[in-house]
Trainee: 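Got a structure here, written out as structure tokens. Questions coming.
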Amino acid sequence: MSTAIPTTDAPRLYSTLSRTVEPLSTSPDGTVRMYVCGPTVYGPIHVGNARPFVVFSVLRRYLTRRGFAVRHVCNVTDINDKIYVAATREGVRSDVLAERYRAEYVADTDRLGLGRPDVEPTVTEHLPEIIAMIARLIDVGLAYPSAGDVYFRVDRFPGYGKLSGRRLDEMLVTEPGETKEHPLDFALWKGHKPDEDTSWDSPWGPGRPGWHIECSAMAAAALGPSFDVHGGGIDLAFPHHENEIAQSEGANGVPMARIWAHNEMLELGGKMSKSEGNIVLLRDALDRWGRDVLVAFFLRTHYRSKLPFGDAALEDTARQVDSIRNAARALDRAESAPGEGFNRELAESLVVARQDFFQALDDDFHTPRAFAALFEAVHAINRAVEGERPDIDQLRAARAAFVGLLDVLGLAGLADPEPGAPAEILALATEREGARAAREFALADELRDRIEAAGYQVRDTPEGPQVTPK
RNA sequence: GGCGACGUGGCGAAGUGGGAACGCUGCGGUCUGCAAAACCGCCAUGAGCCGGUUCGACUCCGGCCGUCGCCUCCA
């Protein structure tokens, strides 16, 4: 079985900036440099916040297995209006609160088991870079101090609006700008207010960074002024990413990111958001569904489609995950009683599945089609185990191929050896076999009920009973 | 009001100018003492609605209706 990736073209991704699917670029050293907007840490993250984390973490996994070096940066915003508000409400210092929820964010997303980004910068670590960038923007005339704040001058940046397709003169103006030249000018630096318990010195007086400048500064610090992919939720396209472009390109004079990749929103009767109050915390979803189901749930829908979150969809996903796991169990059984020959249909199906799988992911990270390919493999494996059973070498090769696909999606654990049932459960299963042999089926069924009550399931197979966790 | 995304079977969800993937559910069958799993087969003559282009449109264009996101903090 070939290990080469059966594709010739470069992976392609849709860019909000060009509104087309574009070939992925690499930076001059061959690395794909990717920056993804992470959470503001003023509370535990919800499953909506987890979507970009999953999408871009798995994209990184895919690109890595596709042979690219990837530098994946995902920031944590730990200075923000909402953090002050939350700190006041909880009666703790804002920096203490931010650090607590930063750690909780890391712990929650660790449970997804998709690895960590290479760098997870925080705002508090980047004040010097932020201040330097603001100073630079003032130098080139794109920013101005005003009453202790510093604002970006939007009408001096010619490309303002190019990402979100807006024009300055069409935008709804809701905010009067008594300290701003233009109502849509946005804050780069906010002067210290008495009720805020942190502040940093700057040439414009004590204060803190505005919301957008941090990402410009952190992205440049971690990836340089120009990189390959900038990701995040579509709700950030305006104003956040628009402002990032204005700041970074205004200060650095080069395009910030080649591809702007945005995931669509999770829905729970309208967009899931903390301000709407219709949220499910990531940790609660993990407790209830487990990481396998949750990861598969995010991946079975394309990242640019809205994703309704609900019990029915998760239950559906859980069944899909079970059927993937069952194919691995079928391989377990077959390996304990292999056949003699070579199953040509299995070999061919796995090649096709692998090809379809990688082609789908090359095409704008099409995970739903990758899932379809995965099920081609599931069925091919089940057919081979039931039918013309292959020899041990082919079974092992089939497992390797199957696990290789699962691994790209972060689901290789579905094929891991399962923890064996405890001895007392296995004893019940053995006893049940005796009862069955003696045709004492009432006793056999009672024993099965007891096994199930203990959380295990018995499946009678030609290789004997298979006891699996329920 | 402006910008954008989208409307496909019971549900979820794809591709495609000329046979509507895939998964779940449901139905029938095989296997099984039964069950579970698996396997085999069936399930949209139609793709929000109305026009247009075309030999031919679900697929392109226009209009309408509807849903959602952004325009204010938001993944």
Side-chain angles (χ1 to χ4, degrees), chain A residues 16 19 36-40 42 45-56 74 77 80-82 85 161 164-167 169-175 184 211 231-240 242 262-267 269-276 279 296-297 300-302 304-308 310 312-327 329-330 333 356 360 363 366-376 378-379 381-387 435-436 439-442 444-445 448-449 452 457-462 465-466 468 470:
Chain A
T16 307
R19 315 215 179 269
V36 180
C37 284
T40 300
Y42 63 97
I45 68 160
H46 59 70
V47 286
N49 297 310
R51 190 175 189 186
F53 185 90
V54 171
V55 164
F56 292 101
C74 189
T77 296
N80 178 279
D81 290 344
K82 291 186 169 184
V85 172
S164 52
R166 291 156 210 264
R167 298 201 330 234
D169 54 17
E170 297 178 326
M171 285 193 245
L172 207 62
V173 174
T174 55
E175 216 179 324
L184 288 165
W211 175 35
I234 188 66
D235 56 342
L236 295 182
F238 190 89
H240 185 55
E242 196 72 71
H262 290 111
N263 62 275
E264 253 292 353
M265 299 289 99
L266 221 60
E267 289 183 341
K271 170 185 164 185
M272 183 179 293
S273 77
K274 291 180 196 172
S275 45
E276 297 289 326
I279 61 168
F297 171 74
R300 73 186 201 137
T301 298
H302 189 81
R304 288 194 289 118
S305 294
K306 287 187 271 284
L307 211 195
L314 271 302
E315 284 163 9
D316 191 352
T317 309
R319 279 188 288 261
Q320 287 180 280
V321 164
D322 277 341
S323 90
I324 293 168
R325 197 180 272 121
N326 281 334
R329 288 169 175 158
R333 280 193 286 122
D356 291 349
D363 182 11
H366 215 310
T367 53
R369 264 165 50 208
F371 259 87
L374 199 55
F375 280 101
E376 289 174 38
V378 165
H379 293 136
I381 288 167
N382 286 331
R383 272 196 299 271
V385 170
E386 291 240 329
R436 292 181 68 212
R439 304 194 67 78
E440 293 171 18
F441 295 123
D445 289 347
R448 179 166 58 204
D449 289 343
E452 293 193 353
Q457 187 173 50
V458 195
R459 289 176 187 165
D460 298 327
T461 76
Q466 189 167 44
T468 58
K470 249 206 300 208

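Here is the naming used below: chain letters follow the sequence lines, and residue numbers restart at 1 for every chain.
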Trainee: Given atom NZ of A:K306 and atom P of B:A75, what is their separation to the nearest angstrom?
Mentor: 18 Å
Trainee: Using atom CD of A:E267 as one end and atom P of B:G7 as the other, report the distance to the nearest whole Å.
Mentor: 13 Å
Trainee: Compare all side-chain heavy atoms of A:M265 with those of A:L307 and state whether any distance is below 4.5 angstrom.
Mentor: no
Trainee: Can you tell me the pairing partner of B:A44 across any strand shown, Watson-Crick or G-U wobble, with both distances under 3.5 angstrom?
Mentor: none
Trainee: Could you measure between the two C1' atoms, the one in B:U8 and the one in B:C43, and give it in whole Å?
Mentor: 16 Å
Trainee: Roughly how far apart, to the nearest Å, are B:G23 and B:U72 at atom P?
Mentor: 45 Å
Trainee: Mind listing the closest non-hydrogen atom pair of A:F297 and A:T317 along with its distance?
Mentor: N-CG2, 3.5 Å
Trainee: Could you work out which one of B:C39, B:U72, B:C24 sits closest to the side chain of A:L184?
Mentor: B:U72
Trainee: Look at all strands and tell whether A:F375 reaches a base, only sugar-phosphate, or nothing, counting heavy atoms closer than 4.0 Å.
Mentor: sugar-phosphate
Trainee: Measure CZ/A:R166 against P/B:G2 and give the value in whole Å, please.
Mentor: 13 Å
Trainee: Can you find a donor-acceptor N/O pair under 3.5 angstrom joining the side chain of A:D235 to the base of B:G69?
Mentor: no
Trainee: So if I take every side-chain heavy atom of A:D316 and compare against B:G15, B:C11, B:G69, which nucleotide ends up nearest?
Mentor: B:C11
Trainee: Write down the distance separating the C1' atoms in B:G51 and B:A57, rounded off to the nearest Å.
Mentor: 13 Å
Trainee: Starting from P on B:A35, measure out to CG on A:D449 and report it in whole angstrom.
Mentor: 14 Å
Trainee: Does the structure show a Watson-Crick or G-U wobble partner for B:C39, both distances under 3.5 Å? Name it, or say none.
Mentor: B:G29
Trainee: Heavy atoms only, 4.0 Å cut-off, all strands: where does A:H240 land among base, sugar-phosphate and nothing?
Mentor: nothing
Trainee: When you check the gap from the basic side-chain N to the acidic O, do A:D322 and A:R319 get nearer than 4.0 Å?
Mentor: no
Trainee: A:H302 NE2 to B:A13 C1': how many Å, rounded?
Mentor: 12 Å
Trainee: So what does A:H262 hit on the nucleic acid, given a heavy-atom distance under 4.0 Å: a base, only sugar-phosphate, or nothing?
Mentor: nothing
Trainee: Using a 4.0 Å heavy-atom cut-off across all strands, classify A:N263 as base, sugar-phosphate, or nothing.
Mentor: base
Trainee: Measure CD1/A:I381 against P/B:A38 and give the value in whole Å, please.
Mentor: 13 Å
Trainee: A:L236 or A:E376: which one's nearest nucleotide on RNA chain B is closer to the 5' end?
Mentor: A:E376
Trainee: Determine whether any donor atom in the side chain of A:R448 lies under 3.5 Å from an acceptor atom in the base of B:C34, or the reverse, and answer yes or no.
Mentor: yes
Trainee: For the side chain of A:F238, starting at C-beta, report the closest nucleotide among B:A13, B:C22, B:C71.
Mentor: B:C71
Trainee: Which nucleotide sits closest to the side chain of A:R459: B:G23, B:A36, B:A14?
Mentor: B:A36
Trainee: Would you indicate what A:V36 reaches in the nucleic acid, counting non-hydrogen atoms under 4.0 angstrom: base, sugar-phosphate, or nothing?
Mentor: nothing
Trainee: Would you classify A:D460 as touching base, sugar-phosphate or nothing, given that sugar-phosphate means primed atoms plus P, OP1 and OP2, and contacts are heavy atoms under 4.0 Å?
Mentor: base
Trainee: Expressed as a whole number of Å, how far does the C1' atom of B:A14 sit from that of B:C22?
Mentor: 7 Å
Trainee: Between B:C61 and B:U53, how far apart are the two P atoms, rounded to whole Å?
Mentor: 15 Å
Trainee: Could you work out, with side chain to side chain contact (heavy atoms under 4.5 Å, CB included) as the rule, every residue matching A:A444, not counting sequence neighbours?
Mentor: A:R432, A:A435, A:R436
Trainee: Compare the minimum distances between each of B:A14, B:C34, B:C71 and the side chain of A:D445, then state the nucleotide with the smallest one.
Mentor: B:C34
Trainee: Look at the side chain of A:A372 and decide which nucleotide, out of B:A75, B:C71, B:A21, has an atom nearest to it.
Mentor: B:A21
Trainee: Hey, does A:T468 have a side-chain heavy atom less than 4.5 Å from the side chain of A:R329?
Mentor: yes
Trainee: List the atom of A:A327, the atom of A:N382, and the distance in Å for their closest heavy-atom pair.
Mentor: CA-OD1, 3.7 Å
Trainee: Who passes side-chain hydrogen bond (donor to acceptor under 3.5 Å, both in side chains) against A:Q320, sequence neighbours left out?
Mentor: A:R300
Trainee: Is there a Watson-Crick or G-U wobble partner for B:C60 with both distances under 3.5 Å, and which nucleotide is it?
Mentor: B:G52
Trainee: Just wondering, do A:V47 and A:L266 contact through their side chains at under 4.5 Å, heavy atoms?
Mentor: yes
Trainee: Watson-Crick or G-U wobble partner for B:C3, using a 3.5 Å limit on both distances?
Mentor: B:G69
Trainee: Mind checking A:N326 for me? I need base, sugar-phosphate or nothing, with any heavy atom below 4.0 Å counting as a touch.
Mentor: sugar-phosphate
Trainee: NA contact type, A:R383, heavy-atom cut-off 4.0 Å: base, sugar-phosphate, or nothing?
Mentor: sugar-phosphate
Trainee: What's A:R300 touching, base or sugar-phosphate or nothing? Going by heavy atoms closer than 4.0 Å.
Mentor: sugar-phosphate
Trainee: With rounding to whole Å, what would you report as the distance between B:G10 and B:C6 at their P atoms?
Mentor: 23 Å
Trainee: Using a heavy-atom cut-off of 4.0 Å across all strands, would you classify A:S323 as base, sugar-phosphate, or nothing?
Mentor: sugar-phosphate
Trainee: Between B:G29 and B:A36, how far apart are the two P atoms, rounded to whole Å?
Mentor: 14 Å
Trainee: Give A:G231 one of three labels, base, sugar-phosphate or nothing, depending on what nucleic acid heavy atoms sit under 4.0 Å from its own.
Mentor: nothing
Trainee: In whole Å, I'd like the distance from the CZ atom of A:R19 to the C1' atom of B:G4.
Mentor: 7 Å
Trainee: Taking atom P in both B:C64 and B:A38, compute the distance separating them and give it to the nearest angstrom.
Mentor: 49 Å
Trainee: Strictly by Watson-Crick or wobble contacts shorter than 3.5 Å, is anything paired with B:G19, and which nucleotide is it?
Mentor: none
Trainee: Taking only the side-chain heavy atoms of A:H379 (C-beta and beyond), determine which of B:G69, B:A14, B:G23 contains the nearest atom.
Mentor: B:G23
Trainee: So what does A:S305 touch, heavy atoms closer than 4.0 Å: a base, only the sugar-phosphate, or nothing?
Mentor: sugar-phosphate
